[in-house]
Visitor: 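I am attaching a structure below and will ask some questions about it afterwards.
Note that these values count all heavy atoms, side chains included, but never hydrogens, waters or copies made by symmetry.
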Amino acid sequence: MGTRKIEETKEMTVRTRFAPSPTGYLHIGGVRTALYSWLHARQHGGVFILRIEDTDLERSTAEATAAILEGMQWLGLDWDEGPFYQMQRMDRYREVLAGMLEAGTAYHCYCSREELEVMREEQRARGDKPRYDGRCRHRHEPVPGISPVIRFRSPDAGETVVEDLIHGTVRFQNRELDDLVIARSDGTPTYNFCVVVDDWDMGITQVIRGDDHLNNTPRQIQILRALGAVPPQYAHVPMILGPDRQKLSKRHGAVSVLEYREDGYLPEALLNFLVRLGWAYGDQEVFTREEMVAAFRIGDVHKAASAFNPEKLLWLNAQHIQRLDDSVLAIRLQPYLEAAGVPEERIAAAGIPLPAVAAVLRDRAKTLSDMAAGARFFYDAPESPQGKDREKFLSGQEPLLRMAMAGLAALSGWEAPAIHAVLQQLAETHGGGKLGKIAQPLRVAVAGCAVSPPLDATLALLGREETLARLDRAAGWTT
RNA sequence: GCUCCCAUCGUCUAGUGGUCCAGGACACCGGCCUCUCACGUCGGUAACAGGGGUUCGAACCCCCUUGGGAGCGCCA
């Protein structure tokens with residue numbers, strides 16, 4: 001019985017977090033670190049925490065916070081605790097700050113910004129790295145009229161080692177690290193300090209974040225040690241570049257993830273794309289959410305930055321569309337159809353089941369928006385086609401349309417194979433044996449454009465009455 | 001400038017000293033399939049950044065160079 005207790009304390013519950021700052025929208029890079037954190041927690045039966053780092057009052061907005069939460073929900077990256085807001089934890093930070101001042105691991109610094117700027121300039125001129133020289137370290141008397149900042153007293157000898165799950169051992173000489181500001185002169189704590197206290201308080205076991213934070217890590221470890229806390233494990237994931245391998249920016253469409261939703265991407269496809277950006281599992285390209293959870297290992301993530309590849313995302317989206325059940329696909333598609341101007345009531349009124357339409361469209365759609373565009377004509381009888389299509393395919397084709405109507409009207413059933421036989425027959429008599437000769441005019445007549453699912457399947461779905469009505473109407477467009 | 005990180009086809013990657021004149025995927029090019037557009041399918045072009053070591057043997061280990069990135073704030 002005793003051994004059991006040891007195991008439990010040894011194998012701590014995994015606790016990871018995603019900690020975005022609400023100064024902008026949730027973008028691709030953020031989503032990937034969120035995904036990795038989530039995956040790591042889920043595969044270990046751990047806890048995933050959402051924390052909003054909103055201490056930058058100037059730039060944080062409520063809209064950004066809302067967009068982040070909505071994005072996470074849309075992606076299905078569900079969190080077990082939070083969202084926590086740093087602004088609501090100020091009392092706690094002040095308490096820790098006071099303790100550090102008391103213990104002497106932090107001290108007041110009265111240097112003015114101007115003074116510091118001069119100091120840095122001199123250092124730069126000498127070719128040194130600009131860093132605080134610790135001139136207030138031993139000051140005991142306050143300077144009247146100046147509200148001091150609080151600095152962390154960092155060790156000036158030895159080294160701090162980061163055992164990174166992705167990068168391996170990374171060593172930093174302590175003399176390279178200066179005494180950083182952990183509280184501003186107005187008393188508010190700074191980022192590096194809040195992160196440390198939060199990760200500590202929240203019992204985070206693995207900090208998974210962008211590798212732009214790797215340089216901050218030794219200082220965070222030092223603060224944690226000064227606090228008597230055991231540092232968590234770290235995993236610094238590389239950043240994502242634009243398709244041109246330049247830093248990801250708005251120009252690349254690297255905007256809010258919610259735009260991917262608008263553009264008709266499936267969340268599982270986006271997640272699949274992102275998980276493979278910097279990580280691989282043999283030759284497997286397509287992963288379900290469950291497969292990702294099972295196969296992903298944070299330690300297998302690549303060290304190098306990777307470029308965003310929109311074509312591959314599109315391909316993966318198509319792959320995931322292929323794999324959905326008709327009924328599920330229809331449910332996913334419905335909002336996009338609505339956005340394309342086909343409300344739910346009209347779908348019901350038309351009597352053409354959406355799952356069936358989705359089934360015939362799935363092979364040729366890369367996004368749900370594509371699919372909605374392709375599905376529209378089933379529910380909305382097309383207007384007279386414009387320009388080329390009308391001239392090229394309908395001009396002078398009234399006899400053909402009439403023949404088709406006669407043939408289809410005479411059919412006893414209304415199944416695709418029977419319809420196909422009629423079309424085949426028509427091709428023999430009016431198309432020189434070539435289905436292509438007659439299919440295009442009929443397609444344009446019925447769908448309003450030169451692209452649609454196979455004609456027999458399309459007509460079967462439209463129904464006899466609607467097909468004949470559309471052919472009759474199109475006969476008026478043949479001049 | 002200083003510190004840290006990184007480096008296989010255009011892109012995402014497999015590869016952890018021999019089985020690699022380097023495999024898969026997207027994209028691209030060609031063939032097949034075909035009533036349109038697609039899907040599918042078959043095939044093709046295409047990479048170990050450069051230089052030194054270590055070793056019987058290096059894409060894999062070490063060093064240097066080059067190139068990219070990050071950090072050096074009372075931003076996060």
Side-chain angles (χ1 to χ4, degrees), chain A residues 19-23 53-56 58-60 86 109 111-113 116-117 120 123-132 147-151 162 164 166-167 170-173 175-178 180-186 188 190-192 194-195 210-218 236 238-239 241 243-247 273 276-286 302-316 318 322 361-366 370 374 393 420 423-424 427 431 434-440 442-444 447 449-456:
Chain A
S21 67
T23 53
E53 308 209 323
D54 56 353
T55 53
D56 185 349
E58 305 282 302
R59 300 190 300 149
S60 296
Q86 289 187 324
C109 168
C111 298
S112 68
R113 292 171 201 251
L116 294 174
E117 197 37 55
R120 290 192 192 105
Q123 289 165 334
R124 260 190 280 263
R126 260 184 272 128
D128 286 346
K129 174 178 0 188
R131 57 183 183 286
Y132 184 64
S147 317
V149 299
I150 298 174
R151 286 185 186 271
V162 179
D164 192 275
I166 293 171
H167 291 271
V170 183
R171 295 169 182 283
F172 293 86
Q173 295 304 312
R175 70 182 132 77
E176 295 292 339
L177 306 168
D178 62 0
L180 85 159
V181 172
I182 55 179
R184 304 177 181 91
S185 49
D186 65 2
T188 58
T190 61
Y191 167 77
N192 273 297
C194 296
V195 169
D211 67 5
D212 47 336
H213 291 284
L214 185 53
N215 285 301
N216 290 328
T217 307
H236 288 95
M239 61 186 292
L241 274 19
D244 52 3
R245 293 204 64 89
Q246 295 300 111
K247 194 171 178 175
F273 173 73
R276 278 285 289 102
L277 213 54
W279 173 81
Y281 186 68
D283 286 340
Q284 186 172 349
E285 296 288 351
V286 181
H302 261 221
K303 298 177 191 173
S306 43
F308 183 85
N309 182 184
E311 283 93 16
K312 187 147 184 183
L313 170 58
L314 212 47
W315 175 78
L316 272 170
Q322 304 275 32
L361 284 168
R362 64 158 19 115
D363 280 351
R364 61 213 79 225
K366 292 214 188 285
D370 280 356
F393 297 116
H420 188 80
L423 297 177
Q424 200 64 57
K434 294 198 172 163
L435 207 45
K437 279 279 182 203
I438 63 141
Q440 282 307 84
L442 295 177
R443 186 189 312 282
V444 173
C449 67
V451 174
S452 85
L455 241 200
D456 49 4

Visitor: Taking the side chain of A280(A) as heavy atoms from C-beta outward, which of U13(B), U3(B), A76(B) is closest to it?
Guide: U13(B)
Visitor: Can you tell me the distance, in whole Å, between the CG atom of D456(A) and the C1' atom of U36(B)?
Guide: 12 Å
Visitor: With a 4.0 Å cut-off on heavy atoms, is G210(A) in touch with a base, just the backbone sugar-phosphate, or nothing at all?
Guide: nothing
Visitor: Quote, to the nearest angstrom, the C1' distance that separates U13(B) from C60(B).
Guide: 16 Å
Visitor: Remember a base hit wins even if backbone is also touched, and classify R276(A) as base, sugar-phosphate or nothing at under 4.0 Å, heavy atoms.
Guide: base
Visitor: Just compare C6(B), C4(B), G1(B) and give me whichever is closest to any side-chain atom of F172(A).
Guide: C4(B)
Visitor: Using a heavy-atom cut-off of 4.0 Å across all strands, would you classify E53(A) as base, sugar-phosphate, or nothing?
Guide: sugar-phosphate
Visitor: Are a donor atom and an acceptor atom from the side chains of D186(A) and T188(A) found within less than 3.5 Å of each other?
Guide: yes
Visitor: Mind checking R113(A) for me? I need base, sugar-phosphate or nothing, with any heavy atom below 4.0 Å counting as a touch.
Guide: base
Visitor: With a sphere of 6.0 Å drawn around OH of Y191(A), does it hold more than 12 non-hydrogen atoms of other residues, nucleotides or ligands?
Guide: yes
Visitor: Rounded to whole Å, how long is the line connecting atom CZ of F273(A) with atom P of C12(B)?
Guide: 9 Å
Visitor: To the nearest angstrom, how far is D178(A) atom CG from C2(B) atom P?
Guide: 18 Å
Visitor: Between C9(B) atom C1' and K312(A) atom NZ, what is the distance in whole Å?
Guide: 13 Å
Visitor: Is the phosphate of C6(B), meaning OP1 or OP2, less than 4.0 Å from a side-chain N or O of H167(A)?
Guide: yes
Visitor: Is S452(A) touching bases, backbone alone, or none of the nucleic acid, heavy atoms closer than 4.0 Å?
Guide: base
Visitor: Rounding to an integer number of Å, can you tell me how far L455(A) CG sits from C35(B) P?
Guide: 11 Å
Visitor: So, OP1 or OP2 of C74(B): does either fall under 4.0 Å of a side-chain N or O from R120(A)?
Guide: yes
Visitor: Roughly, in whole Å, what's the span from CD in Q173(A) to P in G71(B)?
Guide: 22 Å
Visitor: With a non-hydrogen cut-off below 4.0 angstrom, is S306(A) in contact with a base, only sugar-phosphate, or nothing?
Guide: sugar-phosphate
Visitor: Calculate the interatomic distance between R364(A) atom CZ and C39(B) atom P; express it in whole Å.
Guide: 10 Å
Visitor: Side chains of R126(A) and Q123(A): is there a donor and an acceptor less than 3.5 Å apart?
Guide: no
Visitor: Checking all strands, does T23(A) fall into the base, sugar-phosphate, or nothing category for heavy-atom contacts under 4.0 angstrom?
Guide: nothing
Visitor: Test side-chain contact (heavy atoms from CB on, under 4.5 Å) on K129(A) and D178(A); report intermediate values, then the result.
Guide: CA-CA 10 Å; K129(A) 174 178 0 188; D178(A) 62 0; over 6 Å; no
Visitor: Could you tell me whether Q322(A) contacts a base, only the sugar-phosphate backbone, or nothing, with contacts defined as non-hydrogen atoms closer than 4.0 Å?
Guide: sugar-phosphate
Visitor: Give me the one residue out of W279(A), F308(A), W315(A) that meets ring pair (Phe, Tyr, Trp, His ring centres under 6.0 Å) with F273(A).
Guide: F308(A)
Visitor: For the P atoms, the ones on A59(B) and on G44(B), what distance do you get once it is rounded to whole angstrom?
Guide: 24 Å
Visitor: Nearest whole angstrom, please: distance from the P of U11(B) to the NE2 of H302(A).
Guide: 14 Å
